Amino acid sequence: MTHGTISSWNKKPGESFGPGDVLCEVETDKASVGFEVQDEGVLAKILVEANGQEIQCGSPIALMVGDEAEYKEFLTLPEDSVTPSGSSPVDNANKPEPDSSELPASTASDTSNVEAPRLSPAARFIVASRGLDVTGFRGSERGGRIISKMDILRGVQEGRLKSTPVSKPAVDPATSSVADSAVTKDTVASTNSSAPSISILPQGTYTDLPNSNMRKVIAKRLAESKATVPHSYSAIECEIDRLMNLRQTLKKDFGVAVSVNDLVIKSAALALRDVPECNGRWSASEGFAELNPSVDISVAVATPTGLITPILEGADKLGLSAINNKVKDLAKRARDGKLQPKEYQGGTFTISNLGMFGISSFTAVINPPQACILAVGGGIQRVVPPVEHGGEPRVVTTMTVQMSSDRRVVDEPTASQFLQAFQYYLSNPTLILL
């Protein structure tokens, strides 16, 4: 963990705390964890408000004093005397930049060496045609080093950019009247028509939603995975009519409710036991593939802050009821942000099921260092040819699954063997009960 966001404060200024008390809840890239204090004291001032900007580890978030007497004395101090020595990143971000005219001479001269923002071609055209002054104006791209067309339009709309008068060259009075008389109305009209008009953005209603730490980390890791892992894709269709009948039988005759996802997890676990090469991982430090001794399946769960993959350990040794109960418990605690790190870090194989959302098929991105991820779609009724010659066509329910595999660990024949084994278990679900 290198940064986080404070989601809530459990103490208010003036309240006392002791060792082991949770001062605040910190949202990390995967879950929310409590920040426990180690000493006794009184919370004097909160420096970083809840649901604010990201803060780096080691940055001050609050001020504390020893007891209530010191807190009363703290309240009498002026505001500027209680600022910590290491200012928080939030304060630095909101602090206005000093005007260069107010800086000392040595400082002002140093700022002239800072790289000036560059204009995009469209922004440069608007600035030149309208005579806009962009001195001290910062853009929104590449850390403020690039000023885009949208930055210019917003600056004009907000009144931060204004046209500068163009200085006319000194001319001789004698020639000035001649030159002025030579300018016709047509020339003035053509000159004015050549100046482009700025289309100001319409005043619309929108809401800026800050991205969660989890989504930022997911986006970063997915980009790294696509860039560094050689993805190989294999897909297969599975008939699930027998599987659906087994679900109804278990619920009607035995009172056991299992989902299609539970049967998919069990079938994948048994197929991984039969084809252990797909249960491997790529060791970047050693530069070779490693086979995992246990089948620990990561199940993708959607949460309000992003996607998380809690782990179902030893899935090949669990029954359907145990898988159903564990998945429900992990999914609930994942949505509540109560998972422990050991419950979502690791895993040997990932399953992402979007069939319940009406998705027929999709492609998933590998979660390194795992070698495979299985993308499961929903069931669709199809008309298939007869099994025997001269027979009638059949209407069956098929489910498409696509596996993304690391080509350094799993080649195409191995991926095909796994998918055939998975299809066999899913199409013959009574084998799952053995």
Side-chain angles (χ1 to χ4, degrees), residues 234-280 291-301 309-332 334 343 347-356 361 370 372-382 384 387 394-403 414-434:
S234 305
I236 197 170
E237 287 188 355
C238 307
E239 294 186 12
I240 60 173
D241 290 309
R242 294 181 181 177
L243 181 143
M244 302 301 292
N245 294 333
L246 176 63
R247 283 189 63 215
Q248 296 178 0
T249 301
L250 291 175
K251 185 175 182 179
K252 180 179 179 181
D253 298 342
F254 302 97
V256 178
V258 295
S259 65
V260 175
N261 196 50
D262 300 331
L263 295 165
V264 168
I265 293 174
K266 183 64 176 180
S267 300
L270 296 177
L272 289 173
R273 189 180 62 183
D274 297 342
V275 188
E277 291 82 4
C278 293
N279 196 45
L291 298 183
N292 296 297
S294 61
V295 179
D296 302 331
I297 294 184
S298 302
V299 182
V301 176
T309 53
I311 302 171
L312 198 63
E313 297 181 352
D316 59 324
K317 302 175 182 178
L318 298 176
L320 291 177
S321 297
I323 291 177
N324 181 268
N325 295 331
K326 286 183 176 292
V327 169
K328 285 183 178 179
D329 175 65
L330 290 172
K332 182 179 183 303
E343 294 178 317
T348 63
F349 188 90
T350 298
I351 295 177
S352 180
N353 189 350
L354 295 181
M356 66 283 294
S361 63
Q370 297 180 8
C372 299
I373 181 172
L374 190 68
V376 182
I380 298 178
Q381 289 190 338
R382 300 180 184 273
V384 297
V387 178
R394 299 178 300 129
V395 178
V396 299
T397 305
T398 62
M399 182 176 67
T400 302
V401 296
Q402 178 169 290
M403 187 172 73
T414 305
S416 302
Q417 293 176 9
F418 168 82
L419 290 177
Q420 288 176 352
F422 174 81
Q423 181 192 50
Y424 183 75
Y425 284 115
L426 212 61
S427 301
N428 300 275
T430 52
L431 298 175
I432 301 176
L433 304 178
L434 301 178

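Here the structure is a predicted model, which is why all the values come from computation and not from measurement.
For the atom pair Leu263 CG and Met244 CE, the distance stands at 9.0 Å (nearest 0.5 Å). Once rounded to the nearest 0.5 Å, the distance linking CD1 of Ile380 with CD1 of Ile240 reads 9.5 Å. A distance of 12.0 Å separates CD in Glu313 from CD1 in Ile297, rounded to the nearest 0.5 Å. Atom SG of Cys238 is separated from atom CG of Leu419 by 8.0 Å, given to the nearest 0.5 angstrom. A distance of 6.0 Å separates CD1 in Ile323 from CD1 in Ile265, rounded to the nearest 0.5 Å. Taking OG of Ser427 as the reference point, atom CD of Gln420 lies at 11.5 Å (rounded to 0.5 Å).
The side-chain contact (heavy atoms from CB on, under 4.5 Å) test applied to Thr249 returns Asp253, not counting sequence neighbours. When the side-chain hydrogen bond (donor to acceptor under 3.5 Å, both in side chains) test is applied to Glu343, the partners found at least two apart in sequence or on another chain are Arg333. For the side-chain hydrogen bond (donor to acceptor under 3.5 Å, both in side chains) test, residues two or more places apart in sequence or in another chain that qualify with Thr398 are Arg382. Ala421 pairs by the side-chain contact (heavy atoms from CB on, under 4.5 Å) definition with Ala271, not counting sequence neighbours. Residues passing the side-chain contact (heavy atoms from CB on, under 4.5 Å) test with Arg394, sequence neighbours excluded: Glu239, Val384, Val387, Val396.
A donor-acceptor pair is defined here as one N or O able to donate and one able to accept, closer than 3.5 Å; such a pair exists between the side chain of Asn325 and the backbone of Ser321. A donor-acceptor pair under 3.5 Å links the side-chain atoms of Asp241 to the main chain of Thr397, judged by distance alone. The backbone N or O of Ala269 lies less than 3.5 Å from no partner atom in the side chain of Asp316, so there is not a single donor-acceptor pair.
Put simply, the side chain of Val258 reaches to within 4.5 Å of the side chain of Leu250, judged on heavy atoms. Annotation: side chain of Met399 is not in contact with side chain of Leu243 (no heavy-atom distance under 4.5 Å). The closest side-chain heavy-atom distance from Thr348 to Ile311 is not below 4.5 Å. At least one side-chain heavy atom of Leu312 sits less than 4.5 Å from a side-chain heavy atom of Leu318. In this structure, the side chains of Val275 and Phe422 stay at 4.5 Å or more apart for every pair of heavy atoms. Side-chain contact check for Lys251 versus Gln248: every heavy-atom pair is 4.5 Å or farther apart. Taking 4.5 Å as the limit, every side-chain heavy atom of Leu246 sits out of range of all side-chain heavy atoms of Ile432. Here the side chains of Ile236 and Val401 are in contact, with some heavy-atom distance below 4.5 Å.
What you find for Ser298 and Gly347 is that their closest heavy atoms are OG-CA, 3.7 Å. Of all heavy-atom pairs between Ala300 and Thr309, the closest is CA-CG2, 3.9 Å. Between Phe349 and Gln370, the shortest heavy-atom distance links the atoms C-OE1, 3.4 Å.
Of the N and O atoms on the side chains of Ser294 and Asp296, at least one donor lies less than 3.5 Å from an acceptor on the other residue. Residues Ser259 and Asp262 bring a donor and an acceptor atom of their side chains to less than 3.5 Å of each other. Thr414 and Glu277 form no side-chain donor-acceptor contact under 3.5 Å, judged by distance and modelled atom types alone.
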**Message:** Go through it in stages, so that I can follow the logic: the residues are Val299 and Asn261, the test is side chain to side chain contact (heavy atoms under 4.5 Å, CB included), and I'd like the CA-CA distance, side-chain angles, deciding distance and then a yes or no.
**Reply:** CA-CA 10 Å; Val299 182; Asn261 196 50; 4.1 Å; yes
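The stretch residues 264-276 participates, sequence neighbours left out, in these side chain to side chain donor-acceptor pair (under 3.5 Å) pairs: Asp274-Tyr425.
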